[in-house]
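Report on the following structure.
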Amino acid sequence: MKAFPAIVVADSRGRITDQPELAAAGRSGRAIYPLDPAQLMPLPETSRLYLLPGRRALGFNAKGTIESADDEHVAVAAFLPPGYVALALAAFAADKRAPRLPLFCYCAVCWYRGKFHVPAFRVDPNPKHDISRFDMRKVYREIRRWIRKYPGNRLVEHHGLVCVKEYGCPNAANLFLQRWEAPVAVSGECNASCQGCISKQDATSIPAPQARIGFVPTVAEIVEMAVPHLEKAPHAMISFGQGCEGEPLLEGNLIEAAIRAIRKKTNRGAIHLNTNGSKPDIVKRLAAAGLNSIRISLNSARPALYAAYYRCRGYSFDDVLKSFHNARKAGVWISINYLTFPGVTDDPAECRAFSRLLKKTTPHMIQWRNLNIDPDLYMDTVDRACPSKRQRPMGITTLMQYHHGQFPKIKFGYFNA
Ligand code: SF4
């Protein structure tokens, strides 16, 4: 008999097994479909498997109809390491009382040919976040050394003692290993309230995995930490706009002064900004001060869905478009952080809107990053923002091939380049 991918479930003690009588299913938007073996890859090392409380796994029985696993078992999903894009989400049926899921990507996972497999692929071969590349004993040694070397520098302490030690942030660890991209967090506030914000969740039962930085660093603290990195690190980059902060453009004056002060000391390396792009005038000023690259995040190129997810305060999608324009005019390298969700990002209406946005904004790169959110919560948002009847999704790989065909010069990846 031909082998087919089987569903994976977990019992009440957390033991994960396959149930070979049901063929594995994936989810796109709200649709459930059989997983295609051609889209599977072995579960990447350092992925994590999650048990989904109050949710039963769905699969296909021998008659080809959808069936749920027994109620003694819960559904399981995979969280993929950085650099991988999920092509289908876990298929499950949630009880009415199922708790909201925390902020992860819930990629489908199945058992196939004697191994866990996922419908996913690696979009960026850069190893800068691969766990195997981190000697954590060395990182901790370096944190102690930096704290002794820069006494009283709150930013060094924050990135070492909080970001590395509590959050396991690879960019922060790379700061202390003095290589590649290093973080510079500056902002405790934001002018959006994204449903999937990892640094603040207001009035929801969803925990934010990180807290926003509790102080605003001085220019001197930023310069003291950033300059040695830019001077010495291979492929040196410092990045404003991190998971442990709000929106850096709200600290535009500080960043502008810091960039000017840094550039008085070194011209080496790239100064980068991860942002929601809400303040085009500040983007213009930062570019004039010496910002080299910018990454603007979007969950959608459709203004209604963007607004429903970002819940912007005091800015609109048009401001974001102006930020692209100002960065482009100033010669800054532009990436889009495109928060990808199977069944929504590859909706033909989204594809057309994103294509128009690419034509208008001419970015250099698209970073395809999984949107980390409870799939049912996001679909409720999508249904509210885009109530008209939807066409069948194209599939994430077809979508990417389409955009690549239309815009062959745009680089595809995951990490800041
Ligand atoms: S723009 Fe960034 S910091 Fe602000 S709410 Fe959204 S994810 Fe959080």
Side-chain angles (χ1 to χ4, degrees), residues 82 100-105 158-159 162-163 167 169 171-172 181 183-217 239-252 254-255 272-283 286 293-324 327 334-341 344-345 357 367-374 377-378 381-382 385 414-416:
R100 277 283 172 230
L101 295 171
L103 300 170
F104 296 109
C105 167
H158 172 77
H159 287 313
V162 180
C163 300
Y167 308 147
C169 171
N171 276 352
E181 181 178 354
V184 185
V186 292
S187 175
E189 304 295 328
C190 190
N191 50 0
S193 183
C194 296
Q195 286 187 306
C197 181
I198 59 167
S199 62
K200 194 165 187 196
Q201 286 289 320
D202 284 329
T204 72
S205 57
I206 306 165
Q210 305 190 358
R212 289 185 181 161
I213 188 167
F215 62 93
V216 178
S239 292
F240 296 96
Q242 297 295 319
C244 60
E245 64 176 313
E247 171 49 48
L249 288 176
L250 299 190
E251 292 293 345
L254 170 70
I255 298 177
H272 173 83
L273 174 74
N274 299 311
T275 174
N276 61 19
S278 54
K279 294 190 169 287
D281 293 344
I282 306 247
V283 169
L286 298 185
S293 85
I294 188 168
R295 186 185 79 188
I296 298 178
S297 293
L298 302 174
N299 68 313
S300 172
R302 290 174 284 176
L305 182 52
Y306 177 87
Y309 173 82
Y310 271 78
R311 300 180 291 199
C312 328
R313 290 187 300 269
Y315 80 97
S316 70
F317 194 69
D318 279 345
D319 292 306
V320 180
L321 294 180
K322 276 185 209 141
S323 286
F324 277 108
I334 303 171
S335 296
I336 296 181
N337 181 20
Y338 197 28
L339 302 169
T340 306
F341 187 99
V344 176
T345 312
L357 183 136
Q367 296 183 19
W368 300 88
R369 290 181 167 227
N370 304 309
L371 177 58
N372 292 342
I373 196 166
D374 182 323
L377 175 65
Y378 193 53
T381 304
V382 174
Y414 187 97
F415 301 107
N416 289 321

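Whatever order the structure lists ligands and atoms in, that order sets their numbers, starting from 1.
The nearest protein heavy atom to atom 2 (Fe) of ligand 1 is not closer than 4.0 Å.
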Inset, instruction - Starting from the C-alpha separation in whole Å, work towards a yes-or-no answer on side-chain contact (heavy atoms from CB on, under 4.5 Å) for Asn191 and Lys279. - result: CA-CA 10 Å; Asn191 50 0; Lys279 294 190 169 287; 4.2 Å; yes
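Taking a cut-off of under 4.0 Å to the non-hydrogen atoms of Asn276, the atoms of ligand 1 that pass are 1 (S). Atom numbering of ligand 1 starts at 1 in the shown order; those under 4.0 Å from a heavy atom of Gly246 are 3 (S). Short contacts between ligand 1 and Ala192, defined as distances under 4.0 Å to a heavy atom of the residue, involve ligand atoms 5 (S). In the vicinity of Glu245, heavy-atom distances shorter than 4.0 Å reach the ligand 1 atoms 3 (S). Proximity to Arg212 (heavy-atom distance under 4.0 Å) selects the following atoms of ligand 1: 3 (S), 5 (S), 8 (Fe).
For the atom pair Tyr338 OH and Arg369 CZ, the distance stands at 15.5 Å (nearest 0.5 Å). Residue Arg100 holds its CZ atom at 6.5 Å from CD1 of Ile206, rounded to the nearest 0.5 Å. One finds the CZ atom of Phe317 at 9.5 Å from the CG atom of Leu305 (value rounded to the nearest 0.5 Å). Here the straight-line distance linking atom CD of Glu251 with atom CD of Glu189 works out to 8.5 Å at 0.5 Å rounding. In this structure, the separation between CG on Leu273 and CD on Glu247 is 7.0 Å, given to the nearest 0.5 Å.
In this structure, atom 6 (Fe) of ligand 1 lies nearest to the protein heavy atom Cys194 SG, 2.3 Å. Ranking the protein heavy atoms by distance from atom 8 (Fe) of ligand 1 puts Cys197 SG, 2.3 Å first.
Using a 4.5 Å heavy-atom threshold, the side chains of Ser239 and Asn416 count as touching.
Note on Cys190: counted as a metal contact of atom 4 (Fe) of ligand 1, an N/O/S atom lying under 2.8 Å.
Neither the backbone nor the side chain of Gln201 comes within 4.0 Å of ligand 1, counting heavy atoms alone. With a 4.0 Å cut-off on non-hydrogen atoms, Lys200 does not touch ligand 1 at all.
For the pair Gln367 (side chain) and Asn337 (backbone), a donor-acceptor distance under 3.5 Å is absent.
For the ligand labelled ligand 1, residue Arg311 lies outside the 4.0 Å heavy-atom shell.
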